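What follows is one structure encoded as structure tokens, with my remarks underneath.
All heavy atoms count here, side chains included; hydrogens, waters and symmetry mates do not. Just so you know, these numbers come straight off a predicted model, no measurement behind them.
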Amino acid sequence: MRRIAEFQDSPLFAEIDGNKLESHLINCSRKTFRKRETVFHPGEHNQFIYFLARGRMRVYVIHPDGQEFTVTVLEQGDVFSGHTRTFGKALEECEVIFVPIQSFRSLVLEVPALSFRLAGVLGDSLKNTFNIIEKLAFKDVSERLRQFLIETAEQRGNQIAEGVSVDLGFNYQEIATLVGCSRQTVSAFFNGLQKQGIIQIDKKIVILKDLAGVKRNI
């Protein structure tokens with residue numbers, strides 16, 4: 001029942017009866033991936049749905065010139081399809097459950113409400129993809145980095161006396177890969193904000209002393 005409990009912790013499957021989940025998902029397989037290990041290549045597991053039971057995973061595409069563009073970052077409880085032309089890489093040690101597409105399809109047929117929730121998940125993923133395209137096409141690197149900092153603060157920030165404390169969850173190289181620039185550019189960006197007194201940096205923790213000041217420059 002450990003596997004079923006993991007599914008029920010996800011908003012996508014939370015309201016589905018455990019016995020139904022168990023009957024349809026009994027043939028799933030599981031694998032643990034080390035940090036920075038490639039989880040999948042395009043079309044490698046197109047007969048499966050990926051369910052991220054633990055950790056975080058970056059999903060990205062590679063341009064013919066070799067540049068990587070992040071499509072989304074999957075968190076614990078997220079799902080993704082093996083049918084896309086994307087790569088998946090572990091941002092930290094993660095555990096992936098491979099759900100046979102036929103098993104998932106039979107579950108959707110028995111629980112029609114699941115298809116509506118799945119549509120919402122796919123809609124969020126599509127929205128994120130368009131946001132990435134918009135950023136890369138219409139915003140310069142500084143704007144993209146500011147947007148990354150703002151979105152991370154709004155999603156993961158904690159209000160403290162000095163401002164908003166944010167655990168970025170990524171080092172400078174990982175941030176550079178996410179926004180499409182170099183590590184040196186990311187370092188210069190954060191150092192510049194620190195010199196202006198807008199932020200305070202302690203490893204991966206950033207304290208935004210003036211979040212409004214960051215937003216004014218978007």
Side-chain angles (χ1 to χ4, degrees), residues 2-14 21 24-105 107-108 114 117-118 120-133 135-136 148 151-152 155-156 167-181 183 186 204:
R2 174 196 167 201
R3 176 182 296 162
I4 302 307
E6 288 171 327
F7 280 106
Q8 289 181 312
D9 285 340
S10 168
L12 185 62
F13 302 99
L21 285 175
H24 288 284
L25 305 180
I26 193 170
N27 294 319
C28 297
S29 58
R30 172 192 303 265
K31 186 175 180 181
T32 299
F33 296 87
R34 300 183 306 275
K35 183 177 181 180
R36 299 190 183 92
E37 186 177 358
T38 297
V39 178
F40 59 84
H41 293 85
E44 182 179 10
H45 302 295
N46 56 15
Q47 73 273 35
F48 293 101
I49 295 291
Y50 309 113
F51 177 82
L52 191 57
R54 177 171 58 86
R56 290 187 303 160
M57 180 169 64
R58 182 171 72 95
V59 179
Y60 61 98
V61 295
I62 300 180
H63 191 271
D65 66 6
Q67 188 172 4
E68 297 179 1
F69 297 98
T70 299
V71 175
T72 189
V73 173
L74 302 180
E75 305 276 351
Q76 180 175 321
D78 286 341
V79 296
F80 200 75
S81 171
H83 289 81
T84 63
R85 292 180 294 175
T86 56
F87 295 80
K89 182 172 290 188
L91 289 170
E92 58 192 39
E93 182 176 276
C94 64
E95 198 167 1
V96 178
I97 297 176
F98 294 84
V99 182
I101 194 72
Q102 196 60 44
S103 298
F104 189 80
R105 185 179 292 120
L107 179 62
V108 172
L114 180 58
R117 292 181 216 156
L118 187 60
V121 171
L122 295 175
D124 288 341
S125 179
L126 184 61
K127 178 182 177 182
N128 187 58
T129 301
F130 278 114
N131 285 341
I132 292 168
I133 293 172
K135 290 173 187 175
L136 291 173
F148 165 81
E151 290 176 356
T152 306
Q155 294 169 6
R156 305 161 63 116
D167 182 352
L168 295 178
F170 303 101
N171 60 36
Y172 284 175
Q173 183 57 60
E174 290 166 339
I175 294 172
T177 302
L178 287 172
V179 303
C181 67
R183 182 192 180 284
V186 176
K204 293 183 182 180

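Classified by interplanar angle (parallel below 30°, tilted 30° to 60°, perpendicular above 60°), the ring pair Tyr50/Phe80 is parallel.
At least one side-chain heavy atom of Glu93 sits under 4.5 Å from a side-chain heavy atom of Arg54. Looking at heavy atoms from C-beta onward, Phe98 lies out of side-chain contact with Cys28 at the 4.5 angstrom threshold. Proximity of Leu25 to Phe51: side-chain heavy atoms (C-beta onward) are nowhere separated by under 4.5 Å.
For Gly77 against Ser10, the heavy-atom pair with the smallest separation is O-OG, 2.8 Å. For the pair Ala176 and Arg183, the tightest heavy-atom approach, listed with the atom from each and the gap, is CB-N, 3.7 Å. When all heavy atoms are compared, the tightest approach of Thr70 to Tyr60 is CA-CB, 3.9 Å. Closest non-hydrogen pair, Val186 versus Cys181, comes out as CG2-SG, 3.6 Å.
The distance from the CZ atom of Arg58 to the OG1 atom of Thr86 is 11.0 Å, given to the nearest 0.5 Å. Distance check, rounded to the nearest 0.5 Å: CE of Met57 to CG of Asp78 gives 8.5 Å. Taken from CZ in Arg34 to NZ in Lys89, the straight-line distance is 12.0 Å, to the nearest 0.5 Å. The CD atom of Gln102 lies 11.5 Å from the CD1 atom of Ile49; values are rounded to the nearest 0.5 Å. Rounding to the nearest 0.5 Å gives a distance of 8.5 Å between CG of Leu178 and OG1 of Thr152.
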#### Entry: Full working for side chain to side chain contact (heavy atoms under 4.5 Å, CB included) between Leu168 and Phe148
CA-CA 10 Å; Leu168 295 178; Phe148 165 81; 4.2 Å; yes
#### Entry: Worked verdict on Lys31 versus Val96 for side chain to side chain contact (heavy atoms under 4.5 Å, CB included)
CA-CA 5 Å; Lys31 186 175 180 181; Val96 178; 5.7 Å; no
### Task
Quick one: do Ile97 and Phe7 satisfy side chain to side chain contact (heavy atoms under 4.5 Å, CB included)? Show the steps, please.
CA-CA 10 Å; Ile97 297 176; Phe7 280 106; 3.9 Å; yes
### Query
Going through the checks in order, is the side chain to side chain contact (heavy atoms under 4.5 Å, CB included) test met by Val79 and Leu52?
CA-CA 6 Å; Val79 296; Leu52 191 57; over 6 Å; no
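A distance-only check finds a donor-acceptor pair linking the side chain of Arg156 to the backbone of Asp167 [under 3.5 Å]. Put simply, the side chain of Thr177 gets close to the backbone of Gln173: a donor and an acceptor are under 3.5 Å apart.
With respect to Glu174 and Arg56, no salt bridge is recorded, no charged nitrogen being found less than 4.0 Å from a carboxylate O.
Phe40 and Phe87 have their aromatic ring centers separated by at least 6.0 angstrom.
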